[in-house]
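The model shown is predicted, which means the values in this text are computed figures rather than measured ones.
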Amino acid sequence: MSLGIGEKLKRLRLANNLTQEELANRTGLTKGYISQLERDLTSPSLATLKDILDVFGESLADFFQEQTREPVVYRRSDRIQTSDSREDLRVELLVQASQRRDMEPVLLTLQPGAETWEDRPHQGQEFGFVLKGAATIQVGSRAYRVSRGDCFYFTADRRHKLRNTSDRETQILWVVTPPTF
DNA sequence: TTACTGTGCTGCTGGAATCG
DNA sequence: CGATTCCAGCAGCACAGTAA
């Protein structure tokens with residue numbers, strides 16, 4: 001969630017212990033106009049915005065970079081279930097889509113006997129950590145059994161898939177790079 | 001193509017009203 | 001009573017329409 005220009009300007013002003021009137025005096029604007037800006041009832045020209053930011057010692061670049069900075073924390077409620085999900089297999093994106101991502105962390109929840117789709121060879125690597133349960137991961141012609149606390153890491157240049165071979169629900173934190181979801 | 005005119009939009013002002 | 005909001009209005013600019 002990014003703040004609007006008005007809210008951001010208000011925070012800057014309050015952080016600098018200025019009233020709207022004081023800021024107006026320093027920028028050569030009027031206090032009424034400052035009020036409108038802070039409530040997003042109007043938007044400043046580039047020159048005016050620069051004048052205001054000069055008072056706070058902040059550049060236009062810093063101001064807008066802050067506006068578009070991506071979140072650091074992703075909550076449980078932010079998770080998105082992908083269309084790959086089925087009744088016996090849940091695939092949840094832990095981090096919302098972004099153009100700048102280099103990896104894709106996913107939470108896989110497999111019911112007993114459930115199997116993922118078979119992934120074709122592709123560039124990049126895959127990493128998984130078994131949070132609970134146990135499973136068999138097949139990479140190329142070989143199969144490896146992993147259980148809670150184990151992890152796996154392989155180059156994705158061979159066909160690979162995962163199957164819950166235990167009689168309990170199995171949950172795996174899976175990180176794919178580059179993102180494919 | 002150029003010049004003129006009307007219109008609408010936007011950034012901003014200034015002072016009165018309201019709020020806490 | 002200081003801080004903030006409201007609001008009518010002004011200036012400048014872009015743009016479309018029209019006449020020459």
Going by the rule side-chain contact (heavy atoms from CB on, under 4.5 Å), which residues pair with [X] if we only count those two or more places apart in sequence or in a different chain?
| X | result |
| --- | --- |
| A/Asp78 | A/Tyr74, A/Arg75, A/Gln96 |
| A/Ala134 | A/Arg145, A/Ser147, A/Ser166 |
| A/Thr30 | A/Tyr33 |
| A/Tyr144 | A/Ile137, A/Val139, A/Arg142 |

Partners of [X] by side-chain hydrogen bond (donor to acceptor under 3.5 Å, both in side chains), sequence neighbours excluded?
| X | result |
| --- | --- |
| A/Arg39 | A/Ser35 |
| A/Arg148 | none |
| A/Arg159 | A/Glu118 |
| A/Gln111 | A/Glu169 |

Could you go through nucleotides 13-20 of chain B and list every protein N or O atom that sits under 3.5 Å from one of its N or O atoms, giving the distance for each pair?
residue : atom : partner : partner atom : Å
B/dT13  : OP1  : A/Gly28 : O            : 3.2
B/dT13  : OP2  : A/Thr30 : N            : 3.1
B/dT13  : OP2  : A/Thr30 : OG1          : 3.3
B/dT13  : O4   : A/Gln36 : NE2          : 3.2

Fill in: Positional range of nucleotides in DNA chain C within the contact set of chain A, heavy-atom, under 4.0 Å
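Both ends considered, the range comes out as C/dA3 to C/dC7.
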Worksheet item: What does the inter-axis angle of the helix from B/dT1-C/dA20 to B/dG20-C/dC1 come out as, five pairs per end, nearest 10 degrees?
Response: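 One end axis against the other gives 10°.
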Worksheet item: Over how many whole Å does the gap from A/Leu37 atom CG to B/dG11 atom P extend?
Response: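 Rounding to the nearest Å, CG of A/Leu37 and P of B/dG11 are 9 Å apart.
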Fill in: Phosphate OP1/OP2 of B/dC12: any A/Ser45 side-chain N/O under 4.0 Å
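So the side chain of A/Ser45 is within the cut-off, an N or O lying under 4.0 Å from OP1 or OP2 of B/dC12.
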Worksheet item: Just wondering, are more than 12 heavy atoms of other shown residues or ligands nearer than 6.0 Å to CZ in A/Arg26?
Response: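 No - once you tally the heavy atoms of other residues, nucleotides and ligands closer than 6.0 Å, there are 12 at most.
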Going by atom type alone, with no hydrogens or angles, which donor-acceptor pairs under 3.5 Å involve a side-chain atom of residues 12-20 of chain A and a protein atom two or more places apart or on another chain?
residue : atom : partner : partner atom : Å
A/Arg13 : NE   : A/Glu38 : OE2          : 2.5
A/Arg13 : NH1  : A/Leu18 : O            : 2.8
A/Arg13 : NH2  : A/Glu38 : OE1          : 3.0
A/Arg13 : NH2  : A/Glu38 : OE2          : 3.4
A/Asn16 : ND2  : A/Leu12 : O            : 2.7
A/Thr19 : OG1  : A/Glu21 : N            : 3.4
A/Thr19 : OG1  : A/Glu22 : N            : 3.0
A/Gln20 : NE2  : A/Glu38 : OE1          : 2.9

